[in-house]
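First up is the structure itself, then whatever we jot down about it.
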Amino acid sequence: MEFERPNERKPTILIMFGATGDLATRKLIPALFHLFRKKALPPLFQVVGFSRSFLTDEAFRGMVSEIASRLPGSQPEEVRTFSQLFAYQAGRFEEVEAYQSLARRLGLVDKEWRTCANKLFHLSVPPRYYPDILARLSDSGLTKPCSDKEGWTRVIVEKPFGKDLKSAQELDALLGKLFREEQVYRIDHYLGKETAQNVLVFRFSNRLFEDSWHRDSVESIAIQLFETEGVESRGEFYDGVGALRDVGQNHVLQLLALFTMEHPGSFDAVAIRRARAAALKALSLLTESEAVSRTARGQYEGYRSITGVDPRSQTETYFRITGALALPKWQGVPIFLEGGKRLAEAKVEVTMTFSHPSPCLCPRAEAGEHYKNVLRYQIQPHESVKASFWVKKPGVKLELEERDLAFDYKHAFPEGSFLDAYEKLILDAIEGDQTLFVSTEEIMASWKFIDSIITAWQKDVVPLTAYAPGSIGPS
Ligand code: BG6
């Protein structure tokens with residue numbers, strides 16, 4: 001795979017808060033290893049892990065090597081070289097001395113490299129630690145760029161970004177004290193998925209569908225994020241969050257924004273983020289009675305016995321919402337949003353159902369038969385686009401049958417050409433491209449909508465229905 005001018009990338013240090021956690025081990029370290037193999041990282045690059053566990057540099061490198069050596073095709077020599085990019089700073093997030101040591105460590109790297117390196121802070125820790133981390137970082141002077149031209153500082157913030165509108169605003173205010181919006185990279189890793197990135201190309205670089213992309217032709221839009229896996233070892237975290245906040249407020253709504261936003265005018269980050277935000281701002285908030293008639297929530301059987309979960313937990317592991325966008329283009333088009341864990345099937349899919357043509361030159365249309373086209377845009381596990389259309393069945397009679405036009409990403413392009421979401425997002429943060437990161441406007445708009453539902457759910461007006469693991473969710 002070709003990368004643009006990787007050698008021109010400036011010396012960069014990635015400071016990973018939560019370096020021994022789940023995200024670092026499952027996603028970040030593998031993504032960095034792939035970028036390293038593809039020679040996409042800056043020539044002078046270092047990762048400093050920061051976590052509470054007491055580890056030496058050597059032990060941390062051992063952990064990194066173990067992760068990298070399990071990845072397909074990795075060679076011992078490259079794993080060894082890769083692990084040398086890593087160093088470790090043990091410390092509690094509230095402990096001032098740990099940040100002083102971190103600052104000294106980074107200063108030594110700058111000295112060795114004879115430069116002021118860029119510093120990318122990655123926060124992958126429970127949000128309750130953000131205030132401490134951000135305040136200590138600020139006190140240590142580490143978040144200050146060296147100058148306008150050299151040594152930028154940026155921060156990548158993982159989700160959950162708050163737990164409601166109020167806490168999201170507070171977190172934003174906190175970040176705003178240290179960083180300008182251009183320095184803040186809020187992650188929704190769905191935006192980094194190839195199939196999600198392709199939505200704008202699919203819509204706006206092709207004439208085929210976009211002309212019909214509005215209420216006159218579209219009957220409904222459905223977004224489904226189904227997982228077969230359960231909450232597993234994340235009981236404590238998940239029980240305080242629930243499915244709607246975990247994947248609804250972010251992944252599902254971001255997909256909705258991509259599918260319903262207006263033409264952004266260009267591929268410019270500001271224009272795209274603004275267009276996504278405008279779609280999210282148009283989401284009609286639900287009143288309590290609308291929440292009763294238009295939402296459902298469920299919990300899979302067995303969830304309450306997971307370690308860390310309250311045995312009487314009322315947290316949902318499934319949600320279903322019928323929403324609407326208050327935009328002339330989408331007036332009256334129902335939007336079905338659905339997500340859940342431990343369901344029968346793992347799939348993330350957006351389905352646009354186009355209405356029966358009018359007038360229709362369709363046999364049996366008078367008898368009430370409906371001829372609709374359905375576009376199935378599959379984000380995962382199959383990365384494909386399928387459009388159903390009607391064909392004349394061969395033979396004497398004029399009879400119609402529904403068939404698919406289909407495109408499959410993995411069949412169409414060679415294996416090595418795909419970039420994992422985190423590879424793309426880390427590179428973009430280094431490059432300073434915020435297109436695939438969520439703006440403050442988008443975050444606040446999505447929380448407003450989610451808050452309107454959660455407020456009703458908290459009053460217990462929508463029953464929490466149990467469903468069997470491996471089923472299609474509550475009926
Ligand atoms: C995360 C959620 O943001 O997304 C998880 O916290 C969920 O609960 C995951 O499983 C789904 O992401 P992906 O990329 O595996 O579909």
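Since the structure is predicted, the reported quantities are computational estimates derived from the model, not experimental observations. We use all heavy atoms of the structure for the numbers below, so side chains are in, but hydrogens, waters and symmetry mates are not. Positions are given from 1 along the sequence. Every number for a ligand or one of its atoms is a count from 1 in the order of the listing.
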Protein residue, atom and distance nearest to atom 1 (C) of ligand 1, heavy-atom basis: H251 NE2, 3.5 Å
Polar-atom distance check: K27 versus ligand 1, any N or O pair below 3.5 Å? no
For K341, the ligand 1 atoms with a heavy-atom partner under 4.0 Å come out as 5 (C), 7 (C), 8 (O), 10 (O)
When the ring planes of F121 and F179 are compared, do they come out parallel, tilted or perpendicular, using 30° and 60° as the limits? tilted
Tell me which protein heavy atom sits closest to atom 7 (C) of ligand 1, plus the residue, atom name and distance to 0.1 Å. E227 OE1, 3.4 Å
Which heavy atom in F33 sits nearest to a heavy atom in E78, and how many Å separate them? CZ-OE2, 3.9 Å
Evaluate the ring planes of F413 and Y409, with Trp represented by its six-membered ring, and classify them as parallel (under 30°), tilted (30 to 60°) or perpendicular (over 60°). tilted
For ligand 1, which atoms sit closer than 4.0 Å to a heavy atom of K159? 1 (C), 2 (C), 3 (O), 6 (O)
Answer yes if the ring centres of Y377 and F259 are under 6.0 angstrom apart, and no otherwise. yes
Counting heavy atoms only, which of Q380, R26, K193, E158 is nearest atom 14 (O) of ligand 1? K193
Strictly below 4.0 Å, N to O, side chains only: are R186 and E181 in salt-bridge contact? yes
Determine whether F45 and F36 satisfy the following criterion, ring pair (Phe, Tyr, Trp, His ring centres under 6.0 Å), listing intermediate values before the conclusion. CA-CA 10 Å; F45 184 73; F36 169 77; 9.4 Å; no
So that I can tick it off, tell me whether E441 and R273 are bridged by a salt bridge, with the cut-off set at under 4.0 angstrom between side-chain N and carboxylate O. no
Tell me: protein heavy atom nearest atom 16 (O) of ligand 1, and distance? Y190 OH, 2.5 Å
Does D246 reach ligand 1 with a nitrogen or oxygen that is under 3.5 Å from one of the ligand's nitrogen or oxygen atoms? yes
Report yes or no: does a heavy atom of E229 sit under 4.0 Å from some atom of ligand 1? no
Quick one: sort the F50 and F17 rings into parallel, tilted or perpendicular, breaks at 30° and 60°. tilted
Is Y238 touching ligand 1 with its side chain, its backbone, both, or neither, if touching means heavy atoms under 4.0 Å apart? neither
Atoms in ligand 1 flagged as close to H189, the criterion being non-hydrogen separation under 4.0 Å: 3 (O), 4 (O), 12 (O), 13 (P), 14 (O)
